[in-house]
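Predicted model only: the values in this text are computed from it and were never measured.
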Amino acid sequence: MHIRIIYSILTIFYIFFIFYLSSLPDTSFKFADSRLEKIFWNMGHIPLYFILAILLFLSLKPHRKPIFYLLVGSISIVIAVCDELNQSTTSGRTSSFLDICLDFFGIYIAILFIKFLYYENRITTKV
């Protein structure tokens, strides 16, 4: 099986996993009712969407053109917004602009990471 197909399947399952997490009631995550716990769960958006952007990058045919990074970022942001809308319909959960900002930050870091790896690869292949 072609590696891009495997990454595409992983990406689809990962998107379903994200939507599954956002459809869990708020009580599913309660360990303690503290501000620190809320910050911890909110910061979880960054690695969650970092991984999504990486998987999207790997499942599509990568290019160094800026439009490709915009495509990966746009698809990731659309998923993040849909995820927040899904979360707003879940009992005890709310959607938040801060969550979308944290999602965007994770996506942005992933795109910078991808660009850095591509840049490094380009340098080493010329030597």
Side-chain angles (χ1 to χ4, degrees):
M1 196 183 310
H2 197 270
I3 191 74
R4 208 168 308 134
I5 293 171
I6 294 170
Y7 283 126
S8 296
I9 293 168
L10 283 173
T11 303
I12 290 167
F13 278 114
Y14 193 76
I15 292 168
F16 280 118
F17 175 70
I18 289 172
F19 278 86
Y20 167 75
L21 289 177
S22 69
S23 65
L24 293 175
D26 190 33
T27 56
S28 302
F29 296 112
K30 292 293 178 190
F31 298 113
D33 230 357
S34 71
R35 193 164 200 48
L36 186 60
E37 179 194 10
K38 184 166 178 57
I39 291 170
F40 172 78
W41 287 114
N42 280 339
M43 296 312 260
H45 285 257
I46 295 170
L48 197 68
Y49 280 87
F50 176 91
I51 293 168
L52 174 64
I54 297 291
L55 284 172
L56 278 170
F57 176 81
L58 294 170
S59 64
L60 300 171
K61 186 176 181 184
H63 296 282
R64 289 190 180 106
K65 297 177 184 174
I67 193 76
F68 180 73
Y69 300 111
L70 184 63
L71 177 68
V72 169
S74 298
I75 293 170
S76 299
I77 287 295
V78 166
I79 291 169
V81 170
C82 290
D83 176 49
E84 284 301 311
L85 291 173
N86 178 52
Q87 185 171 310
S88 71
T89 64
T90 303
S91 173
R93 304 285 298 269
T94 58
S95 63
S96 160
F97 182 70
L98 173 64
D99 288 350
I100 294 173
C101 290
L102 291 170
D103 299 341
F104 176 78
F105 185 68
I107 294 163
Y108 181 72
I109 296 299
I111 290 171
L112 289 178
F113 179 74
I114 292 165
K115 284 181 78 168
F116 175 76
L117 286 180
Y118 255 55
Y119 179 72
E120 288 297 315
N121 188 23
R122 187 173 42 196
I123 289 174
T124 56
T125 55
K126 284 185 179 179
V127 176

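Annotation: L98, atom CG; neighbour count of heavy atoms from other residues, nucleotides and ligands within 6.0 Å is above 12.
A donor-acceptor contact shorter than 3.5 Å is absent between the side chain of S91 and the backbone of P25. A donor-acceptor pair under 3.5 Å is absent between the side-chain atoms of R93 and the main chain of S23, judged by distance alone.
For the side-chain contact (heavy atoms from CB on, under 4.5 Å) with I15, the qualifying choice from I75, I79, D83 is I79, the only one to do so.
Side-chain atoms of L58 and I54, non-hydrogen and from C-beta on, do get closer than 4.5 Å to each other. Side-chain contact check for I67 versus L70: some heavy-atom pair is nearer than 4.5 Å. Side chains of C101 and F97 form a contact here, defined as non-hydrogen atoms less than 4.5 Å apart. Taking 4.5 Å as the limit, some side-chain heavy atom of Y7 sits within range of a side-chain heavy atom of L10. Contact annotation: the side chain of L24 never approaches that of T90 to less than 4.5 Å [non-hydrogen atoms, C-beta and beyond].
A search for side chain to side chain donor-acceptor pair (under 3.5 Å) contacts involving N86 returns S22, not counting sequence neighbours.
Ring-plane geometry between Y14 and F17 is classed as tilted, the angle between the planes lying from 30 to 60 degrees on a 0 to 90 degree scale. The aromatic rings of F50 and F113 sit tilted relative to each other, their planes meeting at an angle between 30° and 60°.
In this structure, L52 is a member of the same hydrophobic cluster as M43, with clusters built from ILVMFWY side-chain heavy atoms closer than 4.5 Å.
Ring-centre distance between F68 and F57: below the 6.0 Å cut-off.
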